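Quick caveat, the model's predicted, so the values are computed rather than measured.
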Amino acid sequence: MTGFMASIGTVQSYLSLNQLSDYSVSQVGWISGVYLFLSLIFNFQIGSILDRYGPRVLSPVGGVFSTATFLLLAECKTYWQFMLCFGVFGSIGTGIDCTTAIGVVGKLFVRRRGLAIGTAVLGTSLGSIIFPLLLRSTFQSLGWAWSMRIVALVVGIVSVLGVICFIPFDRLVAA
């Protein structure tokens, strides 16, 4: 989800030119701003929940929130729907996913922790390349709703793979 966070400008520009063309660019920017702020502000709380319950609880919750966000985003029509769905609901999933992914890597690797976290954060760079390309090509040919559904499919698949990766590690929960 951090890769999508880095490509949020693509969504913002599309919304300001299409669905939310009656609103100013600064008003549409508030949706992205709320999304980014809320996805980062609660990381301390999510980190303590991760320490207590582990990624087996948080990762599926974050995956469901993130996938549902894009499925619901496909159906949004008004400003308040975009703000609620993407700005609030989407930021919860993004915050949970990002904190869990980086926190687990930090807990699993002791010897080469810097290399491991650098490799994990590489997904952000890949996502910030893939998502804008995917969105720009699908916006023109398929439209808003199907573009968001395709993003939901990609996010859902990546979330399921992440949950599967956490299964063998019992030592991730503080005793």
Side-chain angles (χ1 to χ4, degrees), residues 1-11 32 35-36 38-75 85-139 141-142 144-174:
M1 284 303 298
T2 310
F4 188 82
M5 188 186 298
S7 62
I8 199 166
T10 306
V11 173
S32 318
Y35 170 78
L36 292 171
L38 291 178
S39 63
L40 296 172
I41 196 69
F42 296 116
N43 287 350
F44 295 112
Q45 291 82 9
I46 295 169
S48 65
I49 294 170
L50 176 66
D51 288 340
R52 181 171 292 140
Y53 299 108
R56 288 187 189 171
V57 174
L58 276 179
S59 188
V61 170
V64 167
F65 267 83
S66 298
T67 305
T69 294
F70 292 107
L71 290 174
L72 292 172
L73 205 53
E75 307 304 322
C85 180
F86 190 62
V88 177
F89 193 68
S91 63
I92 295 168
T94 300
I96 292 171
D97 285 342
C98 296
T99 304
T100 303
I102 299 301
V104 166
V105 171
K107 286 182 171 200
L108 284 178
F109 293 91
V110 177
R111 271 189 71 227
R112 300 188 137 237
R113 185 173 289 160
L115 178 64
I117 290 177
T119 305
V121 175
L122 178 68
T124 301
S125 301
L126 292 175
S128 65
I129 293 169
I130 292 170
F131 281 119
L133 293 174
L134 175 92
L135 289 173
R136 290 208 184 263
S137 65
T138 58
F139 280 157
S141 59
L142 300 173
W144 171 260
W146 278 104
S147 297
M148 291 300 106
R149 291 177 188 133
I150 291 170
V151 171
L153 178 68
V154 171
V155 168
I157 290 171
V158 171
S159 295
V160 167
L161 290 174
V163 170
I164 290 170
C165 289
F166 296 142
I167 290 173
F169 299 105
D170 288 332
R171 66 185 175 106
L172 293 174
V173 179

Could you report the tightest heavy-atom contact between A152 and F70, atom names first, then the distance? CB-CB, 3.7 Å
Heavy atoms only: give me the nearest G106-I117 pair and the separation to one decimal. CA-CD1, 4.2 Å
Looking at CG of L142 and CG of L135, how far apart are the two atoms once the value is rounded to the nearest 0.5 Å? 11.0 Å
Taking the side chain as every heavy atom from C-beta outward, state whether K107 and D51 have any atom pair closer than 4.5 Å. yes
Would you give the length of the straight line joining atom CG of L71 to atom OG of S66, rounded to the nearest 0.5 angstrom? 11.0 Å
Heavy-atom closest pair (L50 atom, P55 atom, distance to 0.1 Å) is CD1-N, 3.7 Å
State, to 0.1 Å, how close V105 and A120 come at their nearest heavy-atom pair, and which atoms those are. CG2-CB, 3.9 Å
What residues form a ring pair (Phe, Tyr, Trp, His ring centres under 6.0 Å) with F65, not counting sequence neighbours? F89
Within a strict 4.5 Å, meaning less than it, do heavy atoms of the F86 and I8 side chains meet? yes
Are L73 and W144 close enough that some pair of their side-chain heavy atoms sits under 4.5 Å apart? yes
Of all heavy-atom pairs linking S59 and D97, the shortest is O-OD1, 4.1 Å
Report, as yes or no, whether the 6.0 Å neighbourhood of atom CZ on R113 holds more than 12 heavy atoms from other residues, nucleotides or ligands. yes
Once you round to the nearest 0.5 Å, how far does OG1 of T99 lie from CD1 of I49? 10.0 Å
Please verify the inter-ring angle class for F131 with F4; under 30° counts as parallel, over 60° as perpendicular, anything in between as tilted. perpendicular
Taking every heavy atom of N43 against every heavy atom of G95, the minimum-distance pair comes out as OD1-O, 3.8 Å
Please round to the nearest 0.5 Å and tell me the distance separating atom CD1 of I129 and atom CG of L133. 8.0 Å
Got a sec, which pairs hit side chain to side chain donor-acceptor pair (under 3.5 Å) with one end in residues 147-166, sequence neighbours left out? E75-R149, T138-S147
Nearest 0.5 Å, please: how far is CG in L134 from OG in S7? 9.5 Å
Side chain to side chain contact (heavy atoms under 4.5 Å, CB included), paired with L153, selected from V151, I157, V155: I157
Applying salt bridge (charged side-chain N to carboxylate O under 4.0 Å, His left out), which residue pairs with at least one partner in residues 123-132 are found, sequence neighbours left out? none
Are V88 and L38 close enough that some pair of their side-chain heavy atoms sits under 4.5 Å apart? yes
